[in-house]
Asker: 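Pasting a structure here, questions to come.
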Amino acid sequence: MTATKIAFIGAGSVEFTQGLLADLFAFPEFARARIALHDIDPERLATSEAAAHHIAAELGATPLVSAHLERRAALDGADFVINTVQIGMNRATRTDFDIPARYGLRQTIGDTLGIGGIFRALRTFPLLRSLAADMAELCPDAHLLNYTNPMAMNLLYLHRVAPGLRAVGLCHSVYWTMHDLSELIGTPFEEVTYLAAGVNHQSWVLRFERAGQDLYPLLDEAIAKHPELLRRVRVDMYRRLGHYPTETSEHSSEYVPWYLHHDAEIDRLRLPVGVYLDIVEENLATYARTRDALASGRPLPVEGTMEYAPQIIHSIVTGTPRTVYGNVPNHGLIDNLPADSVVEVPCLVDALGVQPTRVGALPPQCAALNRGYVSVTDLVVRAAVLGEPRHIRHAAMSDPATAATLPVERIWDLCDDLVRAHEPLLQPELRALLGH
């Protein structure tokens with residue numbers, strides 16, 4: 001039996017790659033897997049390769065590790081492809097924050113919706129198109145496991161330009177939300193059952209139970225005992241909508257019009273405007289420490305991350321059934337969201353692949369917010385697929401947080417400024433400046 005080949009695209013995201021490799025090598029079936037690492041940055045690629053060898057040695061694995069500056073060599077014959085690319089890296093991310101800030105537009109994370117999400121997607125789409133084409137030629141039966149944000153926009157784009165591709169979007173927000181809620185109410189996570197659904201970074205906890213008992217009342221008690229919890233966006237949203245959102249307060253604040261536009265709400269809910277720039281700097285520092293430690297032979301901690309990609313790979317290869325949360329096309333999964341949108345639902349994974357679970361209808365108040373999110377996502381993807389630069393502006397006009405802050409003329413001016421700034425990374429049809 002040929003060893004499983006797993007290609008990492010964007011392997012220079014060293015910390016993330018390390019966690020995924022630790023999870024993979026913890027399975028005996030992948031002790032001799034073929035690991036193909038690809039990145040366009042030679043130093044980061046070399047660091048990732050050194051980390052892979054170190055992790056394998058620590059876990060007693062003997063994989064065949066190869067490093068490739070050329071993507072096609074990494075993809076050739078792959079069974080699974082894990083995508084973690086960030087087009088434009090830290091410089092582009094800072095641009096996504098700095099230019100909108102000059103217009104008075106506040107962001108916290110900027111990687112999913114809003115102006116930051118829109119332009120991150122537009123930078124990523126050309127890579128996704130070429131990646132899908134290469135996979136169709138070099139590994140047509142491979143599964144693409146995507147971690148790159150904005151998740152919903154990227155998956156919708158892939159399903160429209162490469163509908164035959166086996167692609168699923170993976171995010172850990174549902175898992176960690178339920179883990180943390182269980183801890184908050186003092187219930188062992190292993191004893192909790194739950195159901196969440198919606199769209200990526202804006203899913204909703206529909207069921208939260210232990211042995212058939214609803215645990216939401218215990219959450220209400222915990223919030224009542226700790227009034228500081230009321231100073232969190234996701235708790236505020238839960239109290240008003242009746243279902244807990246599965247993403248952090250920093251993320252959640254960006255997808256609605258109620259918080260970031262108001263100074264009093266920023267203070268009340270302790271919203272850290274621009275916090276993602278601090279995370280970027282922290283990630284750079286972590287990478288530098290990892291690089292230096294590997295170069296000097298100092299030991300590095302080898303810790304698993306409980307990410308979904310290694311679990312999916314193991315389930316498909318071995319037939320071991322598992323349930324994970326995936327971002328997939330809404331083909332009859334959520335009744336009151338558009339059929340051509342990408343939704344986040346539980347998925348059974350076994351030897352047959354990733355099999356999404358039908359959820360039915362969301363609570364109407366939750367679906368209403370999701371539909372706004374989905375509309376922005378659809379317009380961004382249409383801009384790229386149709387080569388229509390006006391749809392970039394239409395997406396920004398439809399975005400809740402942007403529309404709450406800026407008049408329409410300023411939205412178009414902002415889009416022009418961001419198009420200028422990101423022009424080399426955008427497909428040619430989208431580089432037009434449209435003014436008012």
Asker: Counting N and O atoms only, with roles assigned by atom type, does the side chain of Ser296 sit under 3.5 Å from a partner on the main chain of Ala293, one being a donor and the other an acceptor?
Answerer: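 Pair found, side chain donor or acceptor close to backbone of Ala293.
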Asker: Tell me the closest heavy-atom pair linking Thr177 and Pro245, and the distance in Å.
Answerer: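 Smallest heavy-atom distance, with atoms named: CG2-O, 4.1 Å.
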Asker: Parallel, tilted or perpendicular: which one describes the rings of Tyr238 and Tyr216, with boundaries at 30° and 60°?
Answerer: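 Rings of Tyr238 and Tyr216: parallel, under 30°.
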Asker: So does Glu43 have more than 12 non-hydrogen atoms from other groups sitting under 6.0 Å from CD?
Answerer: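 Yes, the 6.0 Å shell around CD holds more than 12 heavy atoms from other groups.
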Asker: Looking at Thr84 and Gly10, would you say the former's side chain and the latter's main chain have a donor-acceptor pair under 3.5 Å?
Answerer: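 Yes; at least one donor-acceptor contact below 3.5 Å.
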Asker: As an exercise, state the distance from OG of Ser341 to CG of Leu333, rounded to the nearest 0.5 Å.
Answerer: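 So the gap between those two atoms works out to 9.0 Å.
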Asker: Minimum heavy-atom separation for Arg289 and Arg298, please, with both atom names.
Answerer: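 Residues Arg289 and Arg298, closest heavy atoms: O-NH2, 4.3 Å.
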Asker: Measure the CD1-CZ distance between Ile6 and Arg34 for me, rounded to the nearest 0.5 Å.
Answerer: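 Reported to 0.5 Å precision, the distance equals 10.0 Å.
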Asker: Going by the angle between their ring planes, with limits at 30° and 60°, are Trp176 and His179 parallel, tilted or perpendicular?
Answerer: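 Judged by the thresholds at 30° and 60°, the geometry between Trp176 and His179 is perpendicular.
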Asker: Between Arg123 and Leu425, is there a donor-acceptor pair closer than 3.5 Å when you use the side chain of the first and the backbone of the second?
Answerer: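 Side chain of Arg123 to backbone of Leu425: no pair is present.
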Asker: Angle class for the Tyr308/Tyr175 ring planes (parallel below 30°, perpendicular above 60°, tilted otherwise)?
Answerer: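 Taking Tyr175 first and then Tyr308, their aromatic rings stand perpendicular (interplane angle over 60°).
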Asker: Let me confirm one number: the CG-CZ distance from Leu145 to Phe8, rounded to the nearest 0.5 Å.
Answerer: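 That separation rounds to 9.5 Å.
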Asker: Would you check if the side chain of Asn336 reaches a backbone N or O of Ala361 as a donor-acceptor pair within less than 3.5 Å?
Answerer: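 Not confirmed, Asn336 side chain does not pair with Ala361 backbone.
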Asker: Give a yes or no on whether the backbone of Asp23 and the side-chain of Glu307 come within a donor-acceptor separation of less than 3.5 Å.
Answerer: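 Pair absent, no side-chain N/O of Glu307 close to backbone of Asp23.
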Asker: Tell me yes or no: between the side chains of Thr4 and Glu29, is some donor less than 3.5 Å from an acceptor?
Answerer: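 Side-chain D/A pair, Thr4 to Glu29: absent.
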Asker: Do Gln355 and Asp350 have side-chain atoms, one donor and one acceptor, less than 3.5 Å apart?
Answerer: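 Asp350 and Gln355 do have a side-chain donor-acceptor pair below 3.5 Å.
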Asker: Are the side chain of Ser182 and the backbone of Phe189 linked by a donor-acceptor contact shorter than 3.5 Å?
Answerer: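 Judged by distance alone, no pair lies under 3.5 Å.
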Asker: To the closest 0.5 Å, what do you measure between CG (Asn330) and CD (Glu344)?
Answerer: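 It is 12.5 Å, given to the nearest 0.5 Å.
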Asker: Return the CG to OG1 distance between Leu37 and Thr17, rounded to the nearest 0.5 Å.
Answerer: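 So the gap between those two atoms works out to 7.0 Å.
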Asker: I'd like to know whether the aromatic ring centres of His68 and His38 sit less than 6.0 Å apart in this structure.
Answerer: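 No, the ring of His68 stays outside the 6.0 Å limit from the ring of His38, centre to centre.
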Asker: Could you grab the distance from atom NE2 of His251 to atom CG of Asn149, nearest 0.5 Å is fine?
Answerer: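 Separation between the atoms: 7.0 Å.
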Asker: Please answer whether the main-chain N or O of Arg91 pairs with a side-chain N or O of Thr95 as donor and acceptor at a distance below 3.5 Å.
Answerer: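 Yes, the answer is positive, given that a donor and an acceptor are paired below the 3.5 Å cut-off.
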Asker: Check for a donor-acceptor pair, side chain of Arg44 on one end and backbone N or O of Gly12 on the other, with a separation under 3.5 Å.
Answerer: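 Looks like yes, one N/O pair under 3.5 Å.
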Asker: Under 6.0 Å between the ring centres of Phe25 and Phe30?
Answerer: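 Between Phe30 and Phe25, which both carry aromatic rings, the centre distance is not below 6.0 Å.
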Asker: Determine whether the aromatic ring centres of residues Tyr194 and Phe208 are separated by less than 6.0 angstrom.
Answerer: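 Aromatic pair excluded; centres sit 6.0 Å or further apart.
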Asker: Should the heavy atoms of other residues, nucleotides or ligands under 6.0 Å from CZ of Arg207 be counted, would the total exceed 12?
Answerer: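 For Arg207, atom CZ is not crowded (no more than 12 foreign heavy atoms under 6.0 Å).
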